[in-house]
Amino acid sequence: VIQMKKVFAKKYMVVFQREEHDEFVVYNTKKEWEEGHTHIHSYKQAMYLVDCILNNKIPKKVNKYFLVSLQRLATSKKYKEQIQRRLDGDTKEEYHNTPKHYRK
């Protein structure tokens, strides 16, 4: 059983903390869990994801992991397509499921 503590909620977005993994899980309650959550390693980034989702924002200076996380959380087809266009045009780094500082 995974232990998560709810640390923030705004509208349909919820942020949980998983202390044993030192990470946060952002979840869009309008989606099924498997399709609508993402893991992020800082509270600040989790809050930024929530802000971007609620305002349909696509930030300019974020990595591919952040954009893929946005896409997982998004419910709007148009917003998801805009994120995909950014992903397709952004070839600076490959997508990895783990932040660089966790890779060996």
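In what follows, residues are counted from 1 in the order of the sequence shown.
Aromatic pair H39/H41: ring centres not closer than 6.0 Å.
With a 4.5 Å cut-off on side-chain heavy atoms, F24 and Y43 count as touching. Residues K57 and D51 meet the side-chain proximity criterion, which asks for heavy atoms closer than 4.5 Å. Using a 4.5 Å heavy-atom threshold, the side chains of F66 and L49 count as touching. Side-chain contact between N28 and H37 is absent, with no heavy atoms from C-beta onward closer than 4.5 Å. Residues Y79 and I58 form a side-chain contact, since some pair of their non-hydrogen atoms from C-beta on lies under 4.5 Å apart. Side-chain contact between K80 and L70: absent, with no pair of heavy atoms (C-beta onward) separated by less than 4.5 Å. Residues K6 and V15 are not in side-chain contact: their nearest non-hydrogen atoms beyond the backbone lie 4.5 Å or more apart.
Counted by atom type alone, E20 and Q3 present zero donor-acceptor pairs between their side chains at under 3.5 Å.
To the nearest 0.5 Å, the span separating NZ on K60 from CZ on R86 amounts to 6.5 Å. For the atom pair CD1 of I83 and CG of N56, the computed distance is 8.0 Å after rounding to the nearest 0.5 Å. A distance of 10.0 Å separates SG of C52 from CE of M13, quoted to the nearest 0.5 Å. Put simply, OG on S76 and CD on Q82 are 7.0 Å apart, with the number rounded to the nearest 0.5 Å. Note that the CE atom of M4 and the OH atom of Y27 stand 10.0 Å from one another [nearest 0.5 Å]. Expressed to the nearest 0.5 Å, how far CE of M47 lies from CZ of F8 amounts to 3.5 Å.
Between K5 and E19, at least one side-chain nitrogen of the basic residue sits less than 4.0 Å from a carboxylate oxygen of the acidic one, meeting the salt-bridge criterion.
Closest approach of V26 to A46, counting heavy atoms only: CG2-CB, 3.7 Å.
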Practice problem: Apply side-chain contact (heavy atoms from CB on, under 4.5 Å) to I40 and E23, showing your working. | Solution: CA-CA 6 Å; I40 206 91; E23 71 178 0; over 6 Å; no
Self-check item: Residues V25, T38; criterion side-chain contact (heavy atoms from CB on, under 4.5 Å); working and verdict
Solution: CA-CA 6 Å; V25 177; T38 192; over 6 Å; no
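At distances below 3.5 Å, at least one donor-acceptor pair connects side-chain atoms of R72 with backbone N or O atoms of E34.
Judged by the 6.0 Å and 45° rule, K30 forms a cation-pi pair with Y12.
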